[in-house]
Amino acid sequence: MTTATTSKTTTAADPLALIDVDHVRFYVGNAKQAAYFYANTFGFDITAFQDLTTSTMPGGKRDEAAYLLTQGNIRLVVTSGLTPTHEINKEVTRFGDGVKDVSLTVHDAEAAYQRAIANGGESAYEPYTVEDEHGSVTRAGIKTYGRVVHTFTSRAGGYSLEHMKNNDAFLPGFIKMPDIALNRFNKANPCGLKYVDHLVGNVEEGQMNVWVDWYEKVLEFKMFKHFDDADISTEYSALMSKVMASGNNLIKMPINEPADGKKKSQILEYLEWHDMTAGVQHLALRTDDELHSVAALRNRGVDFLNIPDSYYETVWKRVESLGWEVKEDHQKVKDLGILIDADDEGYLLQLFTKPLQDRPTLFFEIITRRGSQSFGKGNFKALFEALELEQEKRGNL
Ligand code: FE2
């Protein structure tokens with residue numbers, strides 16, 4: 001047992017100073033199987049779990065099962081309810097599998113919660129602390145858009161951020177996964193995903209500015225970039241998007257709303273398959289080597305959007321005209337179907353998966369930044385045209 005901790009004793013003057021993205025929790029229909037999907041296809045280790053066998057431990061539960069998936073500094077938790085009336089099962093019925101909680105590590109979860117409530121935030125649940133022989137974790141939740149919650153998490157003792165990053169301990173009630181073949185395979189065949197670059201929410205039409213104000217006021221974020229619907233539109237569909245960022249730019253959270261188009265926008269399609277309720281549209285996972293990561297993920301069977309060949313006829317010149325030369329092998333970029341965009345700070349490589357579940361809702365983006373701090377505005381047209389082909393196949397355009 002270790003007693004080293006800094007998280008409780010170095011409470012920052014600013015209670016909403018974010019230290020890390022603690023984890024992103026998904027509500028799913030079958031956590032055991034979902035864990036194997038993300039481990040197999042995206043190369044996450046199954047690091048810890050909570051199920052009936054751990055239910056008598058402090059923090060244990062008899063009505064939930066959960067698996068912690070880790071890769072680099074990314075932590076996803078897939079959780080299922082085990083009883084017919086469990087809140088998770090009700091949400092899964094309404095929304096399918098998806099993101100419930102974007103948890104943020106802070107110095108003092110109770111102080112962060114009180115500050116957010118004083119700023120006008122609405123409570124999801126009140127602060128509570130769970131302790132065991134390793135240490136303690138304090139958590140408190142506020143409601144953000146739609147069905148999504150932000151949990152403030154502060155950690156002490158064996159549950160400190162450093163220990164969690166080292167995969168020693170996650171939360172009371174979870175135990176470490178024993179050595180399994182899948183984790184050994186992932187160690188030998190890494191996908192190179194490092195951290196959550198940004199996390200995008202879709203909100204209802206007319207609600208984008210409401211939630212932009214909410215992030216400014218309640219979480220004390222700042223606006224990072226702004227695109228209007230003239231920037232992000234194709235012949236048939238459109239959206240509006242504003243990017244909110246925490247004070248230290250630790251997390252960037254673009255917020256989208258549908259805009260008018262001749263046909264249905266991808267944002268409206270998401271909402272219609274999400275009980276007309278706002279939610280997380282995609283998580284962008286950062287890698288230093290886009291070609292390696294996309295090749296590894298394709299080998300594992302990740303289903304990415306198909307980018308038309310014609311895209312590569314113009315993309316190199318578009319990036320060059322902004323003063324950058326793409327260092328990655330152009331033929332490999334094309335063969336792997338990777339998108340490229342540039343701004344005045346550099347370029348980026350990105351690619352989007354198809355939906356991660358049968359409903360056309362949550363997906364992942366795999367992104368590498370070569371100086372560019374934007375989000376692929378120049379690819380929106382190419383992306384939307386590719387997305388619309390998929391929408392058309394589903395009869396949703
Ligand atoms: Fe993105």
Side-chain angles (χ1 to χ4, degrees), residues 24 26-47 49 67-72 74-80 92 96-99 177 179-197 200 266 270 273 280-309 311-312 328-329 331-339 349-368 379 382-383 386-387 389-394:
V24 180
F26 295 44
Y27 279 1
V28 299
N30 186 333
K32 187 169 194 165
Q33 292 191 1
Y36 276 81
F37 170 79
Y38 289 106
N40 265 308
T41 55
F42 288 94
F44 285 91
D45 285 342
I46 306 177
T47 301
F49 69 99
Y67 297 78
L68 170 67
L69 297 149
T70 61
Q71 184 169 175
I74 308 165
R75 287 167 293 276
L76 310 179
V77 180
V78 289
T79 313
S80 283
V92 168
D97 290 4
V99 171
M177 190 60 126
D179 185 33
I180 56 171
L182 193 45
N183 289 350
R184 287 197 299 274
F185 179 83
N186 286 336
K187 199 170 186 186
N189 299 277
C191 294
L193 305 181
K194 297 194 119 174
Y195 57 91
V196 178
D197 183 275
V200 180
Q266 54 153 330
Y270 174 101
W273 287 94
V280 173
Q281 179 207 43
H282 73 268
L283 268 71
L285 306 176
R286 179 85 161 259
T287 168
D288 292 335
D289 186 344
E290 186 79 6
L291 274 64
H292 166 77
S293 292
V294 170
L297 296 170
R298 282 194 184 280
N299 275 335
R300 287 163 175 267
V302 171
D303 204 7
F304 286 105
L305 284 188
N306 299 313
I307 309 305
D309 274 1
Y311 172 85
Y312 296 94
E328 285 78 4
D329 186 298
Q331 189 59 43
K332 282 188 187 151
V333 169
K334 184 182 172 186
D335 290 346
L336 288 165
I338 292 165
L339 297 163
L349 303 104
Q350 63 184 172
L351 189 54
F352 304 88
T353 72
K354 290 185 185 173
L356 297 163
Q357 55 294 309
D358 289 302
R359 299 190 203 193
T361 50
L362 178 73
F363 60 88
F364 284 167
E365 170 184 348
I366 309 300
I367 184 168
T368 298
N379 281 323
L383 165 64
L387 274 174
L389 277 175
E390 298 294 323
Q391 262 179 262
E392 199 165 24
K393 282 186 206 163
R394 294 190 286 263

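Scope of the values below: all heavy atoms of this structure, side chains included, with no hydrogens, waters or symmetry mates.
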Could you tell me which non-hydrogen atom of [X] sits nearest to which non-hydrogen atom of [Y], and how far apart they are?
{"X": "F352", "Y": "E365", "result": "CE2-OE1, 3.3 Å"}
{"X": "L362", "Y": "G98", "result": "CD2-CA, 4.5 Å"}
{"X": "G192", "Y": "Q71", "result": "N-OE1, 3.5 Å"}

Just how far is it from atom [atom1] of [X] to atom [atom2] of [Y], taken to the nearest 0.5 Å?
{"X": "N183", "Y": "M177", "atom1": "CG", "atom2": "CE", "result": "7.0 Å"}
{"X": "L68", "Y": "R75", "atom1": "CG", "atom2": "CZ", "result": "8.0 Å"}
{"X": "L285", "Y": "K194", "atom1": "CG", "atom2": "NZ", "result": "13.5 Å"}
{"X": "L339", "Y": "L349", "atom1": "CG", "atom2": "CG", "result": "9.0 Å"}
{"X": "L297", "Y": "L193", "atom1": "CG", "atom2": "CG", "result": "5.5 Å"}
{"X": "E328", "Y": "I338", "atom1": "CD", "atom2": "CD1", "result": "8.0 Å"}

Can you tell me if NZ on K332 sees more than 12 non-hydrogen neighbours from other groups inside 6.0 Å? no
Run the numbers on D97 and F26 for side chain to side chain contact (heavy atoms under 4.5 Å, CB included), then give the verdict. CA-CA 7 Å; D97 290 4; F26 295 44; over 6 Å; no
Please check this pair: side chain of [X] against backbone of [Y], looking for a donor-acceptor N/O pair closer than 3.5 Å.
{"X": "Q281", "Y": "V200", "value": "no"}
{"X": "T79", "Y": "Y27", "value": "no"}
{"X": "S80", "Y": "V28", "value": "yes"}
{"X": "H292", "Y": "T287", "value": "no"}
{"X": "S293", "Y": "C191", "value": "yes"}

From the list L69, V196, L283, side-chain contact (heavy atoms from CB on, under 4.5 Å) with I74 holds only for V196
Contacts table for residues 37-47: side-chain donor-acceptor under 3.5 angstrom, sequence neighbours left out:
| from | atom 1 | to | atom 2 | distance (Å) |
| --- | --- | --- | --- | --- |
| N40 | ND2 | Y36 | O | 3.2 |
| T41 | OG1 | F37 | O | 2.6 |
| T47 | OG1 | T70 | OG1 | 2.5 |

With sequence neighbours left out, the residues meeting side-chain contact (heavy atoms from CB on, under 4.5 Å) with T361 are Y270, W273, H274, Q357, R359
Qualifying residues under side-chain contact (heavy atoms from CB on, under 4.5 Å), relative to R298, sequence neighbours excluded: V294, F304, L336, L351
Not counting sequence neighbours, which residues clear salt bridge (charged side-chain N to carboxylate O under 4.0 Å, His left out) with D335? List them please. none
Would you call I307 and K334 a side-chain contact if the rule is heavy atoms closer than 4.5 Å? no
4.5 Å side-chain heavy-atom contact, V333 and L291: yes
In sequence, state the C-alpha distance, the side-chain angles, and the governing distance for K354 and F363, and then conclude on side chain to side chain contact (heavy atoms under 4.5 Å, CB included). CA-CA 6 Å; K354 290 185 185 173; F363 60 88; over 6 Å; no
Residue list, side chain to side chain donor-acceptor pair (under 3.5 Å) with R300, at least two apart or on another chain: N186
Side chain to side chain donor-acceptor pair (under 3.5 Å) involving N189 - partner list, sequence neighbours excluded: none
